[in-house]
Amino acid sequence: MLKISLDKLDKLFEAITASKTLYIPVDREDGAAEYRKYKSGMKLSNALNTVRSAKDFFFPQTENLVDFKMDGKNIEVIDIRKESEDFVIFGVRACDARSFTILDKVFLAEPVDSYYKNRREHGTVVTMACTRPAETCFCGTFGIDATSPEGDAACYSDGENLFIEAHNEKGQKFIDSISALLEDGDTAKLEETRSKTREILKKLPLANLSTDSFGGDKLNEYFNSDKWGELSESCLGCGTCTFVCPTCQCYDIKDFNTGHGIKRFRCWDSCMYSDFTKMAHGNPRLTQLERFRQRFMHKLVYFPANNNGEFGCVGCGRCLSKCPISMNIVKVMKALEVK
Amino acid sequence: MQRIGVFVCHCGTNIAATIDVKAVAETLSKEPGVIVSQDYQYMCSESGQNLVKNAIKEHNLTGVVVCSCSPRMHENTFRKAAASAGLNPYLVEIANIREQCSWIHKDIASATEKAIILGKAAVAKVHLNAPLTAGESPVVKRALVIGGGIAGIQTALDIAEAGFDVDIVEKNPTIGGKMAQIDKTFPTLDCAACILTPKMVEASQNEHITIHSFSEISDVKGFVGNFTVTIKKKARFVDETKCTGCGLCTEKCPMKKVPNEFNMGLDNRSAIYIPFAQAVPKVATIDPNYCMMMKTGKCGICSKVCSAGAIDYKQQDQYIEQKYGAIVVATGFNPINLDKYDEFAYNQCPDVVTSLELERLMNAAGPNGGTLLRPSDKTHPHKIVFVQCVGSRCDDSKGKPYCSKICCMYTAKHAMLIREKYPDTEVYVFYIDVRTPGKNFDEFYRRAVEQYNVHYIKGMVGKVTPRSDGKIDVQASDLLANEQLHIDADMVVLAAAIEPDKTARPLATMLTTQMDTNDFFTEAHPKLRPVESATAGIFLSGACQGPKDIPETVAQASAAAAKAIGLLVKNSITCNPCVAHSNELMCNGCSSCEKVCPYGAITYIDKEFKMPDRTVAIRRVASVNPAVCQGCGACTVACPSGAMDLNGFSNSQIIAEVDAICK
Amino acid sequence: MQEAMINKAKQLLSEGVVNRVIGWKRGEFAYDITPAVFENAEEIEKSFVYDDFTAANVSKYLVKESKKDGKILAFLKPCDTYSFNQLIKEHRIIRENVYIVGIPGGPKLDAEKIKAKGITGILGVKNENYTLKIDTIYGEETMPFYEAVLDKCASCKSKKHVIYDELIGEDGDTLDSNRFDMVEKLENMTAQERYDFWRSQLSKCIRCNACRNVCPACTCEKCVFDNPDSGIENKAPSDSFEENMFHIIRAFHVAGRCTDCGECSRVCPQNIPLHLLNRKFIKDINTFYGEFQAGEDITSLAPLNEFKQNDCEANIIHERGVE
Amino acid sequence: MQVNENKEFQPLIVAFCCNWCSYAGADLAGTNRLNYPDNIKIIRVPCSCRVNPMFILRAFQRGADGVILCGCHPGDCHYTSGNYFTRRRMTLLFSMLDFLGIERNRTRVEWVSAAEGAKFAATMNEFTEAVKKLGPNRRLEDLRCRKQ
């Protein structure tokens, strides 16, 4: 496999930025990590995950769709879409990488979301295998191997070198663009690291969590479960879980009056909000219980029902550490599952 | 869809000279919702108003914007015009392009641009105007007059004359006020008591008038047409209903060393007293600070001699609550305290007196039975110096910045009366200016100078020094002769400035009326609404509004009465529809709005609601009484959930204006 | 303490004094505690927890819970009692339906602070003489207890319960906290530095509304930011202005009502120090209008609902400190 | 609001004026032909206490460079107490804006009576100058609203 020494990472990043915009996870002052546009001197974060997932790159929190220019009584419609520039997201973890597959099923199915598609086509996802999973990780539950992340190209570290391999044509192009920096390397140590990580993954507290009880055919079993009341009673109805989630894909379309025109934009929405999918008659889900149930039923039942059994969760664990009242999909699955 | 008409006024050249009104009309015609936009020479003229009215009818307008002078000037005019054309008057907005544009800017281009922006803001606002209907609130057919001087008495008599019940609340044991203390009145020199006391009697006998003497206002709630007032009847320790006013108790009372307020402390009265012979009500009052029985429990003579059994040493303050439709304030004035005026030796020398003290010294019912004697040695004064403007027209903090208005005339009166009665007495008057506008006033003053040879000297008295020989050295400057004078006077009379009664300010707070920095009540408009306060239903009578002489006071008292009657004859009054209202679905019952409401217009009710989660809940929500609310909007900002909004100045309307201006 | 609380809860349930208990429920890990309502002794035995991680302020839940049938037992930490009192003052809680047992408060721990040290794979946390022994997948780690304390507990304002029906343990006093230190530090910066500081903080906002939804002072039926009629409704921080608008207006709406419970900062997934905005208002109120602690009593007027005729003029802002 | 080399920066300033005192004071300034800059655009409110902090932020969002609030002098409020509440609210709000690093001279509260036309004009002249010195509002604007 091709490799580059870890202490030459900055050279690698410089080389990437020569042709494309590069985003890497970096550490913030508060200890958390976030993706930033690479600038010389930035250091790749060692954190397992960023607070916000990588979905922002393809499905940003807010996105302008169309502008209306108003002049007196005249309205002019302006299509503001333009071709994205090529960019690379580096260091995406296996869970987030899988989330793109899930988002693709939503946004690239007919009718295709042209805004999403545009970004997706121009973005190269370079993933990074995990070596230090956290107690909140449960990607294995969804068949994800944290040591073999998907993506256009994948990176693996053995502590000294970074190994890179392509998964597809786009990934190969990426590797070609930086090939001058790469050399062939011995993967013996890497394999050792990976198997060590696999051992750790097996020992994680949530390693035994199973999706066996869930799936597209389980609507009747769970919809009227009496567990929802207890599970949702302390839910604050905030959007934290939704907004840190790499697979949540709901959005609202709103108009913003700038004074001289209208900007029609979409922004993330959360099914936990009381005005989610508000229609002329009001909100279809009137209680927090219903809204709470919606989120988990969607991930565990409705989404697999419509997507050949694929679940709407990748086990990244963000909601486990970020929910203000520590209620999350793991607790829901454990409460509902049939043993 | 809105159908808005824009009307741009030239105001002759007032607007048109600086603003391209055609361009304004043209530009605004392109605003969304505007379907007609016109300009006209004088929009407020009858033909201008017709233009608006016809456009409303012809184009079936849903909103009107008039770009003209200040809304404070003609908003009502155009609202009425709209109403007469069938458009709700509150669908009219004014863009102020005269006072706030054409009159202050010179450059035509920029002034026109600004006028267009102001017009756009008004159009943006009118898009969101809602038709408002004024509510009605019933009127209690009873008036309260606070103060029982000549102003209060006259107001009460006039209101009673119209057939309405009226209560007078007077803080002293008798009504009559300052006028009762005055000897003669200018410019006719007739006796004050002779003209006042019949009115006092008339008031006491009028079936519509109730006099609460020795009483104060302790609380005022409510609003125009429906005030609830708590009156504190102070304990006088004499049962008013039993006392016949025979005066035996006052004769027999052993405690006779009490300074007599009515005679300005120039003589003494007993601890149980009737202020003066013609007092109304003629009822005795015990002064608990001096009464031996009250202080030591030993005496009780008055109780023993009272054949009516009216004495009650254990009497308590009583509180009565009464509803009124209108309130007239007639709290009057007092001469200022002269403690700060050491240069006039007022506190050092008993023969330096104020003009009001002089009134008592000269009055037949006064301490000397009407003979003018020096307070110190009871001798006739042969040389009297009058000092004008003591504390009036002062720049410093000691006195008052205003002219007390009555001093010039009463001093001329005093001088004339003294010269008339004691021709051997020399009278000097030191003045800054002599101000005698008024019917027969200047003639009166000239008589004092020409006929009675009163020495008027333009100049101020610098220092008054009591001498050991009993004379008073008055050091003054004669500005016309440009020389320093020393006069060895026997008496000095100070024309002390007058100021509002000390009870006025707390009262104003209770009434939520405005006062100026001198504590005079502020009228709603200095020219056009001189007897109304800015608070609806509160009227102003007499010197509480500013210094006045008796004829002016009486005139204003009758005017205030007329205004109060005008209110009382109505069965109900139309309320200002620009009031706050609470969206009960949003209200969370936190009480913030109630806490900031100056009118107590907000109450809370427990109401059953179908909640969004299908449950039924009883919630505490705010409810605004539209008759009480005056529309300030304090509550709208105190409300965190935005449940409180204000008609006519709603959040969305103001935001629309902001947006239009910042566009 | 947990034992005493469980016994008290079981006792009050069996005596029929209350029919429900609000407290905290054990989670998957050492730190993921969820506020919960317990209806019987078994549930309590099974999952009731009170330890170094039970930081959540449960008083806001009582807005809803106190309107249900029967009386509920609430275990309130000293800081929680201020929130509770403030809610009574604003007529949001029916006092008679709540039985309050005052319990000693923090300092409570912040799992994020442990994780920020690079400690991961946490399986258990023990406090041994104020050293945390953290059992992880990768072996045992240690760190000083006080380095893992929640910000809100690090500057505790009071150990005193301002309202309770009974207490477990001793009541404490109000404390001279250093809670305004950071506000002061910011005040002493230049406007540009302050601007940069807040930009870097507020730009992290993802508008999840956790701060608002957890806030015991934010109990509006419908928040202005959720109400399209308010003119400022928005779901996303579409522009840096929106970030400012949301946080300024939210802080203003709770000014004089915020008890400084610190929940806003505790729950922020982006670690924005939102409590500094509230503390700025509290500090200003104390300076301009006299010491005021929201929630201390249920009668005093909120500083923005009263005034003095000789209050300082707004332009005092222009005259002081660094621009 | 344009900045170019030939032309001095012309700030946009929103003035909220209470109907009873300051709006009347502005009228009086007009009646007396007392000039003040056309940068000032007045919005009439019944009382200064009607002004929600929201309105002020909204103005800045939409491109205002300064906001001034005028009301009756303390003690003279037509509604007796409105401006006292205004004073507290605005003191805290302005202090908060300052705390966030927004230039403090962009906001102002002034008490102007119906009789103080001259004071109104002078205040507006002075405030406009102060805002001019600061240049365009960048820290509290909404880029979406900026004119192209």
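By convention in this document, chain letters (A, B, ...) are assigned in the order of the sequence lines, proteins followed by strands, and residues within each chain are numbered from 1. Values below: every heavy atom of this structure, side chains too, minus hydrogens, waters and symmetry copies.
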Those residues that, when tested against C:Glu233, pass salt bridge (Lys or Arg N to Asp or Glu O under 4.0 Å) (two or more places apart) = A:Lys254
A:Phe256 to C:Glu242 - nearest heavy-atom pair and separation | CE1-OE2, 4.2 Å
Looking only at A:Cys323, A:Gly239, A:Gly31, most heavy-atom pairs under 4.5 Å shared with chain C are made by A:Gly239
Output the distance between atom CZ (A:Phe243) and atom SG (C:Cys205), rounded to the nearest 0.5 Å.
-> 9.5 Å
Sidechain-backbone polar pair: A:Ser234 side chain, C:Pro35 backbone, donor-acceptor under 3.5 Å | yes
Of all heavy-atom pairs linking C:Asn271 and A:Lys322, the shortest is OD1-NZ, 4.5 Å
List the steps and the verdict of side-chain contact (heavy atoms from CB on, under 4.5 Å) for C:Tyr31 and A:Glu135.
-> CA-CA 11 Å; C:Tyr31 53 81; A:Glu135 73 279 10; 2.5 Å; yes
Are C:Tyr61 and A:Ile325 side-chain neighbours, meaning at least one heavy-atom pair lies under 4.5 Å?
-> yes
Run the numbers on A:Lys331 and C:Asp32 for side-chain contact (heavy atoms from CB on, under 4.5 Å), then give the verdict.
-> CA-CA 10 Å; A:Lys331 286 182 181 173; C:Asp32 61 335; 3.3 Å; yes
Which atoms of A:Glu29 approach chain C - backbone, side chain, both or neither, heavy atom under 4.5 Å = neither
Measure A:Leu48 against the heavy atoms of chain C and call it side chain, backbone, both or neither at under 4.5 Å.
-> neither
Using non-hydrogen atoms only, which part of A:Thr240 is less than 4.5 Å away from chain C: side chain, backbone, both, or neither?
-> both
Under a 4.5 Å heavy-atom cut-off, does chain A meet the side chain of C:Ala111, its backbone, both or neither?
-> neither
At what distance, to the nearest 0.5 angstrom, does CE of A:Met272 lie from SG of C:Cys208?
-> 12.0 Å
So which bits of residues 112-120 of chain C come within less than 4.5 Å of chain A, counting non-hydrogen atoms only?
-> C:Glu112, C:Lys115, C:Ala116, C:Gly118, C:Thr120
Given the options C:Asn234, C:Ile33, C:Thr34, C:Val267, which has more heavy-atom pairs under 4.5 Å with chain A than any of the others?
-> C:Thr34
Any idea which of C:Asn209, C:Thr136, C:Ile22, C:Val58 has the most non-hydrogen atom pairs under 4.5 angstrom with chain A?
-> C:Asn209
Contact class of A:Arg28 relative to chain C, heavy atoms under 4.5 angstrom | side chain
Measuring heavy-atom distances to chain C, does A:Ser326 have an atom under 4.5 Å in its side chain, in its backbone, in both, or in neither?
-> both
Test side-chain contact (heavy atoms from CB on, under 4.5 Å), reference C:Ile206, set A:Val51, A:Thr242, A:Val244, output is A:Val244
Take A:Glu233 and C:Lys25 through the test salt bridge (charged side-chain N to carboxylate O under 4.0 Å, His left out) and record every step on the way to the result.
-> CA-CA 12 Å; A:Glu233 69 184 355; C:Lys25 195 176 187 172; 5.5 Å; no
At a heavy-atom separation under 4.5 Å, does C:Ala210 approach chain A through its side chain, its backbone, both, or neither?
-> both
NZ (A:Lys278) with more than 12 external heavy atoms under 6.0 Å | no
Ignoring hydrogens and geometry, is there a side-chain-to-backbone donor-acceptor pair from C:Glu28 to A:Val330 under 3.5 Å?
-> no
Heavy-atom contact with chain C under 4.5 Å, split by part of A:Asp30 = both
Side chain from CB out, backbone as N, CA, C, O: work out which of these in C:Arg266 comes under 4.5 Å of a heavy atom of chain A, or both, or neither.
-> side chain
Are side-chain heavy atoms of A:Asp275 and C:Lys235 found at a separation under 4.5 Å?
-> yes
Comparing A:Cys137, A:Cys267, A:Ala134, A:Ser270 against chain C, the one with the most heavy-atom pairs below 4.5 Å turns out to be A:Ala134
For C:Glu65, is it the side chain, the backbone, both, or neither that has a heavy atom closer than 4.5 Å to a heavy atom of chain A?
-> neither
Heavy-atom side-chain contact between C:Lys64 and A:Gln288 under 4.5 Å | no
Are any non-hydrogen side-chain atoms of C:Val214 and A:Cys238 less than 4.5 angstrom apart?
-> no
Tell me, do A:Arg52 and C:Lys204 make a side-chain contact under 4.5 Å, heavy atoms counted?
-> no
Rounded distance [0.5 Å steps], CZ in C:Phe29 versus CG in A:Leu320 | 5.0 Å
Is chain C contacted by the side chain of A:Pro133, its backbone, both, or neither, given a heavy-atom distance below 4.5 Å?
-> both
